[in-house]
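Everything below concerns the one structure shown next.
Order of appearance sets the numbers: ligands from 1, and atoms from 1 within every ligand. Nothing fancy with the numbering, it's 1 onward along the sequence.
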Amino acid sequence: MTATAATSSLKWPEDALRLNAVCPYYTMFPLDFPLQQLEALPEATRMLDPFCGRGTTLYAARLARLPSVGIDINPVAAAIARAKLIKVTPGSVVRLARQILSDGFRGEMPDGEFWRLCFEQETLRELVTLREALLEMSTPTAAMLRAVMLGILHGPRNKGVPSYLSNQMPRTYASKPAYAVKFWTEREMEPVRVPALEVIERRAQRLLHAAPPAHGGRVYLGDSVETLNGLRQKFDLVVTSPPYYGMRTYVADQWLRSWFLGGSPEVPYGTTGQIARQPNQEAFIQALAEVWAATARRCHEGARLAIRFGALPSARTDPEEMLLASVKESRAGWVIKEVRQAGTPAKRNRQAEQFGKAGSAIDEIDLVAELVGLAR
Ligand SMILES: C[S@@+](CC[C@H](N)C(=O)[O-])C[C@H]1O[C@@H](n2cnc3c(N)ncnc32)[C@H](O)[C@@H]1O
């Protein structure tokens with residue numbers, strides 16, 4: 001199988017792209033980034049993303065009718081990414097939710113001020129029941145319902161029909177309990193009853209009614225190097241984005257979604273296995289180098305590797321230098337073909353203004369490499 005022309009999201013009706021937005025995720029890249037890489041390598045047969053996040057690369061592969069593999073160490077990312085590879089009807093998702101809810105309440109209600117103010121009691125009972133039931137299920141329909149739930153768990157309160165189950169909250173990340181309680185109390189914002197099934201029905205219909213056919217693949221929850229070492233398939237197109245240097249909040253910022261997947265009802269501050277937790281820049285470069293080396297071992301000669309990378313302004317470092325060093329350090333046969341700025345001019349200006357005095361402007365970059373010579 002080779003890629004069919006799926007080179008720009010503009011070529012697709014909006015409805016066919018909705019599933020890609022099932023749930024937001026921190027530092028997700030736009031669908032056009034992997035689609036552009038497919039345009040550059042139309043003979044691609046299988047795609048890989050060793051830091052897949054919400055699975056944008058996997059959705060681009062699906063549009064191009066290719067199988068793909070994604071790896072992520074964050075359970076929230078893996079749960080969202082899995083949905084990108086699944087084709088189920090909206091009706092099957094709604095039937096499953098209805099069946100779970102009609103079986104009656106199960107699970108343990110979390111208590112405390114945060115939970116009382118975040119969800120209306122009946123809505124919370126439904127949420128807890130769905131959580132408990134889904135913990136034991138692994139069918140494609142259950143995986144899709146799980147991703148839909150992660151997407152509707154929290155977000156802004158709109159005036160018309162509700163789109164989210166929570167009291168007012170951002171949709172991209174979950175507020176910390178103390179902050180959220182203060183916010184709601186000061187504004188006298190009580191949670192309102194939001195029937196879970198109604199929101200699930202609307203959302204599933206919107207996301208799935210025009211979803212394109214699925215073309216196979218798999219998402220692994222785990223460390224990229226360990227997982228890559230256990231894989232058998234070979235890839236010819238790798239499109240990825242490692243955690244940005246200095247970024248340590250992937251898990252804590254998604255704490256409510258982590259709870260829904262079986263995590264603690266409190267904010268977890270540990271981030272086990274996150275590559276961004278390396279103690280210093282050298283260790284981070286070395287850890288990335290190991291990923292590029294393990295990736296090369298799973299790639300055909302001539303494979304294309306496209307990486308988007310950045311550093312948080314607070315990290316005060318040059319992402320381009322770091323990324324180049326990590327690819328060189330991998331000594332795996334990757335030859336760098338291109339490095340260029342990925343950020344928008346507006347963003348660059350803003351950052352330049354802010355950090356110009358302290359050093360160079362910080363931005364996102366795209367690096368493209370080709371595998372020449374077989375990896376050892
Ligand atoms: C920049 S995000 C990727 C975003 C993705 N491109 C998207 O569109 O959603 C980087 C991801 O790397 C994951 N990660 C960090 N350390 C990892 C490791 N050791 N193995 C696998 N994934 C890891 C993080 O959990 C995070 O989801």
Flag for Y244-E364: side-chain donor and acceptor within less than 3.5 Å: yes
For atom 24 (C) of ligand 1, the option (of N74, V76, D72) bearing the nearest heavy atom: D72
Any N or O of Y244 closer than 3.5 Å to N or O of ligand 1: no
Ligand 1 N/O within reach of D223 N/O, cut-off under 3.5 Å: yes
Under 3.5 Å donor-acceptor, D49 side chain and L58 backbone: no
Proximity flag A81 to ligand 1, non-hydrogen atoms under 4.0 Å: no
Element-labelled atoms of ligand 1 that are located less than 4.0 Å from some non-hydrogen atom of R54: 7 (C), 9 (O)
Counterpart residues, ring pair (Phe, Tyr, Trp, His ring centres under 6.0 Å), relative to F33 (two or more places apart): F29
Ligand 1 contact by C52, heavy-atom criterion under 4.0 angstrom: yes
Ring centers of F114, W259 separated by less than 6.0 Å: no
Of the listed options F309, F51, Y59, closest to atom 3 (C) of ligand 1 (non-hydrogen atoms): F51
CZ/R218: more than 12 non-hydrogen atoms of other groups inside 6.0 Å: no
Atom indices of ligand 1 within 4.0 angstrom of M28 heavy atoms, with elements: 7 (C), 8 (O), 9 (O)
Proximity of Y25 to ligand 1 by residue part, where a heavy atom lies under 4.0 Å: side chain
Heteroatom distance test (P242, ligand 1): nitrogen or oxygen, under 3.5 angstrom: no
Heavy atoms from other residues, nucleotides or ligands near CZ of R157 exceed 12 (cutoff 6.0 Å): yes
Heteroatom distance test (S241, ligand 1): nitrogen or oxygen, under 3.5 angstrom: no
Residue pairs involving residues 148-179 (criterion ring pair (Phe, Tyr, Trp, His ring centres under 6.0 Å); sequence neighbours excluded): none
